[in-house]
Amino acid sequence: MSQAVSYDIEGTVGVITVANPPVNALSLAVRKGLLDAVSAAQDDASEALVIVCSGRTFIAGADITEFGKPPEEPFLPDLLDTIEASKKIIVAAIHGTALGGGLETALSAHYRCALASAQVGLPEVKLGLLPGAGGTQRTPRLAGVQAALDLITSGNPIGAPRALELGLIDKIVDGDLRKEAIAWAHELHEQGAAIRKSSEQPVPAFDAGLFEGYRATLAKRARGQIAPQHIVACVEAATQRSFEDGLKVERELFLECMASTQSAAMRHLFFAERQAAKIDGLPKDTPKRPVESVGIIGGGTMGGGIAMSFANAGIPVTLIEIDDDALARGLSIIDKNYGASVKRGKLAPEQASRCRELITGSTDYASLTGADLIIEAVFEDPALKKATFARLDSACKPGAILATNTSYQDVNEIAAATKRPEDVIGLHFFSPANIMKLLEVVRAEKTADDVLATCMSLAKTIRKVPVMSGVCYGFIGNRMLQPYFREAQLCLIEGATPDQVDNAMEEWGMAMGPIRVADLAGIDVGYKARQALPEDERGDPRASRVPDVLAEMGRLGQKTGAGFYRYDPDTRKHSSDPAVIEIIEREAAAFGIERRDIPDDEIVDRLVYGLVNEGMRIVEEGIAQRPGDIDVVYVYGYGFPVWRGGPMHYADAVGIRRVYERVCEFQDRFGAEAWAPAPLLVQFATEQV
Ligand code: 3H9
């Protein structure tokens, strides 16, 4: 046996215990330990066996840190064959999360019990993979084809009660899982229960048209991704071939996914997300301030969304607005949003009303005296923000955390409007704040360590993915948007159409093209931000001319029915507008630009390498702790394709040298200043020669 797996006989039942913290991943030691234990148990005095895990969870999957390294025997599919072939009954006892290879291990046992709180799932698709140890073959046999397709293509876990309904587990137990599982194994043996192999179960009847439906839906929902389509092929194979032949299909497609750049990108993000939650130099045991109630200043779309995020996590919120009308408007938007969540089946009605009850409104700052955290979400007006913080300083209790949701302003200056800058921090939510996962946590010069530690951990409580940013104009995400949007606009004026720019980026994988994003956000947002800057800080006039003209015409984007595109008032569907092409051509002529055909790959490279080059500066300046943090920001906040791993990972995958050379080419063609390669890009490229 190995240290990671122990084996004892308790009474008449052999108990195999996996102990590989933190999540009992199926490392080589665990696989070896399980194989040894199951093999040894075949000939000992035990009458039946139990597989159970110590610590916080059942096996949470294959060990992702081993991926990409030469595989070592025993391989998981072979181990699971051995488990299933055991001549003694094996019971899997599940608590915590049985995920991926963990659930596959449980499915190769003959019977499964779980605590009601347990969850099971096959999340491989989120790593660009498919279940590679029989999951695509055993799941449809137990749960049916449709449930299997849902479980495996979504990657989302389900609770034990649902797993019981589907037949993925056989029994929910209360109390001491280990004891209950041992008793059940003994009982099964006494009853002469069969050695029930999932692989021998017939696939229940299903609708033959199902597969084409999933293929079509996934082609849209998971555009560009290989794994979801391969999953459909594997489950289809389970319905058409023998178990052994189905396994062969699964193996071949699993290995293809494993070798893909997509899976490498998604595995990178898995670890980058966890790394981003860690602050270098901040001890793990930094004390945290309790946050049991939250105040939010501003009940607009952003403030309301933030309020919902906290209420959804069970934290009471007081929403402050300037007068009763504004407050009523804010609260009614929240009501509408909860109503929509119920309608879409995302929240049960009781759950929605429980959350809604946690949000109260007020027009008086005195209601904030008890709040542990106050988040300001007023208009992006520097004077207003500072005045708000001065008011908060007098209204809030000592030790309360004062946060600003500004998207680009100087948090040091905002903090200086108070007498307690150590309590001030930036919490930059993304709209819609109740849905978007990203939270930029902006550490100002004087932010106290415990304030930072509290906010990083609070982000997890409200189910956000936190990334720390230093203070600079736009922080990590919005700062990088500047070259991205600049290049999008330059491509327009130099010869592309809005459709061409957007389609090129969407086909490359962005959730939404940059011109459509501008229309969605409102063309006035950038316009006002530019107007607030001195003329020499407004950037390349060729890039801002067309949006300025549109803003001045009142074409502000989706909200006015027209911007770069026209929008159908009922469906919000966009269509291209010849009037905009005329404006672009006219403004190009005014700048003396001769419009030309721009290839799609030039559009993509200019926009994406614009992000990369700025990202390099952000890392070098210490605004982001590491390149992976930038990837997390872009994937969770800006619709960057997860399967490309974020801009910095993508640059690595392309080859830093190639990126550098293309940036130099753009510098020659389009402008020395805008395209000056970041020093860190130069350094990495030189090191790669
Ligand atoms: C698979 O199974 C393929 C098979 O089908 C076929 C094979 C042939 N491996 O998330 P947390 C680490 S693919 C290695 O913060 P939580 C994680 O990096 C796999 N390490 O905790 C972190 O380390 P650190 C399918 C892993 O409580 C620490 O554990 N399974 C793994 O918020 C704590 O993690 C999955 O995709 C792993 N599999 O959430 C499940 N998992 O402390 C992936 C975690 O150094 N895991 N670590 O930063 C999860 O979804 C969550 O970790 C879990 C716990 C829900 C389990």
Side-chain angles (χ1 to χ4, degrees), residues 4 18 20-31 34 53 55-81 83 94-108 117-139 148 151-152 154-159 227 230-231 234 247 250-259 263-264 266-280 284 437 456-457 459-466 626 628-629 632 642:
V18 179
N20 182 29
V23 297
N24 289 317
L26 287 156
S27 62
L28 176 63
V30 171
R31 298 196 305 276
L34 279 170
C53 293
R56 67 199 218 208
T57 178
F58 192 76
I59 299 164
D63 186 337
I64 307 170
T65 59
E66 288 181 359
F67 290 177
K69 298 178 188 158
E72 282 188 73
E73 292 188 44
F75 302 135
L76 188 60
D78 300 337
L79 166 64
L80 301 195
D81 279 351
I83 291 177
I94 302 170
H95 75 294
T97 45
L99 299 177
L103 179 57
E104 291 174 302
T105 304
L107 297 183
S108 70
S117 57
Q119 295 207 312
V120 306
L122 293 164
E124 286 87 343
V125 71
K126 297 188 180 182
L127 298 169
L129 297 171
L130 50 90
T136 65
Q137 304 302 299
R138 288 190 173 95
T139 312
L151 194 72
I152 311 176
S154 75
N156 295 331
I158 54 173
H230 280 2
I231 288 167
C234 289
L247 274 189
E250 180 191 85
R251 191 77 202 143
E252 189 187 323
L253 297 182
F254 174 80
L255 291 175
E256 194 186 305
C257 289
M258 182 63 104
S263 177
M266 291 163 89
R267 276 154 25 214
H268 155 75
L269 279 167
F270 177 84
F271 290 112
E273 179 184 332
R274 279 151 186 86
Q275 190 66 21
K278 296 174 184 136
I279 310 289
D280 294 338
K284 250 186 150 179
K437 301 273 281 177
M456 293 301 286
S457 116
K460 255 198 146 182
T461 312
I462 60 168
R463 311 187 70 160
K464 301 289 175 207
V465 176
R626 31 186 112 77
D629 289 14
V632 175
V642 59

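Predicted, not measured: the structure shown is a model, and the values here were computed from it. By convention here, the first residue in the shown sequence is residue 1. We count ligands from 1, going down the list as the structure has it; atoms in each ligand are counted the same way.
Shown here for Asp280 and Arg626, the closest heavy-atom pair between the two residues is OD1-NH2, 3.1 Å. Contact record, Leu99 with Pro157: CD2-CB, 4.2 Å, taken as the closest heavy-atom pair.
Applying the 4.0 Å criterion to heavy atoms of Pro131 picks out, from ligand 1, the atoms 5 (O). Ligand-side atoms of ligand 1 in range of Pro22: 28 (C), 29 (O), range being under 4.0 angstrom from any heavy atom. Counting atoms of ligand 1 from 1 in the listed order, those under 4.0 Å from a heavy atom of Gly100 are 2 (O), 25 (C). For ligand 1, the atoms lying closer than 4.0 Å to a non-hydrogen atom of Glu124 are 1 (C), 2 (O), 3 (C), 4 (C), 5 (O), 13 (S). Atoms of ligand 1 found under 4.0 Å from any heavy atom of Asp63, numbered from 1 in the order shown, are 9 (N), 14 (C). The distance from ligand 1 to the heavy atoms of Lys278 drops below 4.0 Å at these ligand atoms: 24 (P), 42 (O), 45 (O), 48 (O). The Lys460 neighbourhood of ligand 1 comprises atoms 15 (O), 32 (O), with distances under 4.0 Å to a heavy atom of that residue. Less than 4.0 angstrom separates some heavy atom of Gly101 from each of these atoms of ligand 1: 1 (C), 2 (O), 4 (C), 5 (O).
A cation-pi arrangement, defined by a distance under 6.0 Å to the six-membered ring centre and an angle within 45 degrees of its axis, is absent between Arg267 and Phe271.
We find that Arg31 and Glu66 are joined by a salt bridge, their nearest charged nitrogen and carboxylate oxygen being less than 4.0 Å apart.
Under 4.0 Å from ligand 1, not a single heavy atom of Thr57 appears. If you look at Glu104 next to ligand 1, the close heavy atoms, those under 4.0 Å, all belong to the side chain.
Atom CG of Leu129 and atom CD of Glu256 lie 12.0 Å apart (nearest 0.5 Å).
Within the set Phe270, Phe75, Phe271, the minimum heavy-atom distance to atom 43 (C) of ligand 1 is found for Phe270. With distances taken over non-hydrogen atoms, the option nearest atom 1 (C) of ligand 1 out of Ala62, Pro157, Gly121, Pro123 is Ala62.
With Thr57 contributing its side chain and Thr97 its backbone, the two residues share a donor-acceptor pair below 3.5 Å.
Put simply, atom 21 (O) of ligand 1 has protein non-hydrogen atoms near it, under 4.0 Å away. Checking atom 53 (C) of ligand 1 against the protein gives no heavy-atom contact under 4.0 Å.
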